[in-house]
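Worksheet for the structure shown next.
Being a predicted model, the structure only gives us computed values, none of them experimental. The sequence lines fix the lettering, A, B, ..., with proteins before strands; numbering per chain opens at 1.
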Amino acid sequence: MGERFISIEGIARRFPLAGGKVSTVFENLWFSMARGQFVCVIGHSGCGKTTVLNILAGLDAPSEGTVIVDNQSIEGPSLDRAVIFQSHALLPWRTVMGNVAYAVSSRWRSWGRARVREQAQKFIELVGLAGAEQKRPAELSGGMKQRVGIARALSIEPKIMLMDEPFSALDALTRGTLQDEVRRICLATGQTVFMITHDVDEAIYLADRVVLMTNGPDAKIAEIVVNPLPKERRRDDVHKHPAYYAVRNHLIDFLVARSRTFADEIRAGRSYDPRKPPELIPSTPGPVAVLSPVRAAPSIEAVEKRSGRVP
Amino acid sequence: MSLSLGFRAAVVSIALFAVFVVLWQIGTGGSGSVAQMDPEYAKRMGATATTGKSAMPGPFDVGSKIWEHLKRPFYDNGPNDKGLGIQLGYSLARVLIGYLIALLVAIPIGFLIGMSPLMNRALDPFIQILKPISPLAWMPLALYTIKDSSISAIFVIFICSVWPMLINTAFGVASVRREWLNVARTLEVSAIRRAFTIILPAAAPTILTGMRISIGIAWLVIVAAEMLVGGTGIGYFVWNEWNNLSITNVITAIFVIGVIGMVLDQILARFARLVTFPE
């Protein structure tokens, strides 16, 4: 797999329950990713995706195991790892400029006012918010708020971007635009991204690799799907790629059924090494995939409802 | 027909005030001269007996008294005859000193309680017991230990205004959104900078609410405190004029106390608006 820029090594997270019992969200989780990779994590609510992201961010600590980033085990949060929060987490008493400048001045404490503003301005323009610098978050739409969150994360020029369902609160149109921009910016800057999503299409469009997590408690990384789509992809023709529906069906199958039954598969004798979750490329579109009518793209929520699993 | 709400409200307010003044005038006006009274007796008893006029001053007596005070707010004819401005100055000075000391104590301790669950639990019983004590109950203790009536009044103001600020600060600090703190953590912001750039602005609206409650209570308590300690201040003025049986002055003072209280509240409301952020 090449360079291990981020290496999650045998982490576990347990919470004490009332009555002295312990709830294990996940244990013995192993995963690594290379510099410049875009990884999406997919799984049902409660499988511990956000916990993994928080541990990567340093906001949470694993009960066991370590996470190594750039050859150093992480001890708490770091400016090298920027987080884009699902709820955008902007400071409402600061303007757009104030929010981004706050991050910039935290990163480079010796910088003067003018230099901080210049750097902040650069990233505000990058996400297309030029002209809105003096607005406060309350005056912005949901999409614009998330843009500020992205500008704030990018402005500190992190080694890694961690995104926790960054677009899930946005309408479909805004989501599409922002996906395009995140993809463009990350490709241009060679950013390493770890992103949690609920949206299969989002994962296929953005990710180099998709990590599939089974349902918690005791969640596992069932598989790592290597995205067969070329690095150069466009939103409007990504679905024309021969492997597109193979990937898509694989991911949806996993979410609908296998995320739940994977534990049974292991119990039934399936070989599974938590240190090396299987990597696969669902590339060959079988006749079924070709002949079956194209389904409308359901989100995971829709799939969950259809299969009677409302989270 | 589209007069603004503010204008219509003002019309109603003025009408209500006019009705009040008229009723007041009727209620306190004389009932005509009483016939057949010994002139010597009438001379000694004054208008109350001769014309049936109430001892209660009418609105115009009070109005002219207020005007008189406004014309000469700062005269000083000795200990028991000072202008209203001087008396108010004493009261305001005591309130502001006591209030500022309370502010300096309440905000840091409030931060401590809000940030540390341990200190929150540890200090809670003290706060719960001390908070409901009437501030005037401290007065004898203050007089005995401080041995200065004016400083004792300031202490009473301190002790009554510290609790709302303390409790509101602790609450505001404790309920700063986790995500904002996480932003600071991922940006590796130092604890001091975090306190000033995240927690303080996030908790400021709640803290200001506490400060507004406190100034209101302080202004309520100063009148009572000065009645007890005497000497100077608007509270002393009220009690002194009661002893002089000058109801006109008492009513004047009541009116002025109300106006100053409103002004203090409005000043803090203005500050509160400055730090409030829309979400």
**Fill in**
Ordered numerically, the heavy-atom neighbours of chain A under 4.5 Å found in residues 84-108 of chain B are none

**Message:** Within a 6.0 Å radius of atom CG on B:L274, are there more than 12 heavy atoms belonging to other residues, nucleotides or ligands?
**Reply:** yes

**Prompt:** Is it true that atom CZ of B:F171 has more than 12 heavy atoms of other residues, nucleotides or ligands lying nearer than 6.0 Å?
**Reply:** no

**Message:** Counting only non-hydrogen atoms closer than 4.5 Å, does A:L162 touch chain B with its backbone (N, CA, C, O), its side chain (CB onward), both, or neither?
**Reply:** neither

Enumerate, including both backbone and side-chain atoms, all donor-acceptor pairs under 3.5 Å from chain B to chain A.
from: B:E179; atom 1: OE1; to: A:S87; atom 2: OG; distance (Å): 2.8
from: B:W180; atom 1: NE1; to: A:L90; atom 2: O; distance (Å): 3.0
from: B:R185; atom 1: NH2; to: A:L59; atom 2: O; distance (Å): 3.4
from: B:E188; atom 1: O; to: A:R109; atom 2: NH2; distance (Å): 2.6
from: B:E188; atom 1: OE2; to: A:L79; atom 2: N; distance (Å): 2.6
from: B:R193; atom 1: NH1; to: A:S106; atom 2: OG; distance (Å): 2.9
from: B:R193; atom 1: NH2; to: A:S105; atom 2: OG; distance (Å): 3.2
from: B:T197; atom 1: OG1; to: A:Y102; atom 2: OH; distance (Å): 2.6

**Item:** Interface residue of largest heavy-atom contact number with chain A, from B:P201, B:A184, B:P278, under 4.5 Å
**Value:** B:P201

**Message:** Using heavy-atom distances under 4.5 Å, tell me whether A:I156 contacts chain B through its side chain, its backbone, both, or neither.
**Reply:** side chain

**Request:** Step through the shown structure and confirm whether more than 12 heavy atoms of other residues, nucleotides or ligands are within 6.0 Å of CZ on A:F15.
**Result:** yes

**Message:** Could you measure the distance from the CG atom of A:L91 to the CD1 atom of B:I198? Nearest 0.5 Å is fine.
**Reply:** 4.5 Å

**Message:** Heavy-atom pairs under 4.5 Å with chain B: which of A:P77, A:P137, A:A82 has the most?
**Reply:** A:P77

**Prompt:** Between B:A202 and chain A, which part of the residue has a heavy atom less than 4.5 Å away: side chain, backbone, both or neither?
**Reply:** both

**Asked** For chain B, which of A:G76, A:A138, A:P92 has the most heavy-atom pairs under 4.5 Å?
**Response** A:P92

**Prompt:** So which of A:P158, A:A57, A:A103 has the biggest tally of heavy-atom pairs under 4.5 Å with chain B?
**Reply:** A:A103

